[in-house]
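Only this structure's heavy atoms are used, side chains among them; waters, hydrogens and symmetry mates stay out.
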Amino acid sequence: MVKEFYADEHNYHLSLNEMLHMRLGAKFKCLKCAAEYAFDIPELIAQHGGETRLRFIQRNAKCRYCD
């Protein structure tokens, strides 16, 4: 089971590999359309590499519905 969380400021230093190892997940919530969905961590690792930090994902995330 994956634990889902809205990343707090102190979690942004985690790499995607660390999140996968700790069985953590991250959720995205759009401020414009209020869409909410969980990130697929293995898919993000395939796209960006396992050493990518959550901060990079958070800064560059776009809503799959309205962006």
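- Distance alone, capped at 3.5 Å, is enough to place a donor-acceptor pair between the Y37 side chain and the R64 backbone.
- Contacts of K62 classified as side-chain hydrogen bond (donor to acceptor under 3.5 Å, both in side chains), with partners at least two apart in sequence or in another chain: none.
- Residues satisfying the side-chain hydrogen bond (donor to acceptor under 3.5 Å, both in side chains) test with D40, not counting sequence neighbours, are none.
- The salt bridge (charged side-chain N to carboxylate O under 4.0 Å, His left out) pairs that include a residue from residues 44-53 are E18-R53, where partners are two or more places apart or lie in different chains.
- Applying the ring-ring contact (aromatic ring centres under 6.0 Å, His included) test to H21 and every residue at least two apart in sequence or in another chain returns nothing.
- With sequence neighbours left out, L20 forms a side chain to side chain contact (heavy atoms under 4.5 Å, CB included) with I41, P42, I45.
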Evaluate side-chain contact (heavy atoms from CB on, under 4.5 Å) for L44 paired with M19, printing each intermediate quantity in order. CA-CA 11 Å; L44 289 174; M19 293 181 64; over 6 Å; no
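- Pairing each heavy atom of Y65 with each of A35, the nearest pair is CD1-CB, 3.4 Å.
- Between H48 atom NE2 and S15 atom OG the span is 13.5 Å, to the nearest 0.5 Å.
- Considering only residues two or more places apart in sequence or on other chains, A46 meets the side chain to side chain contact (heavy atoms under 4.5 Å, CB included) condition with none of them.
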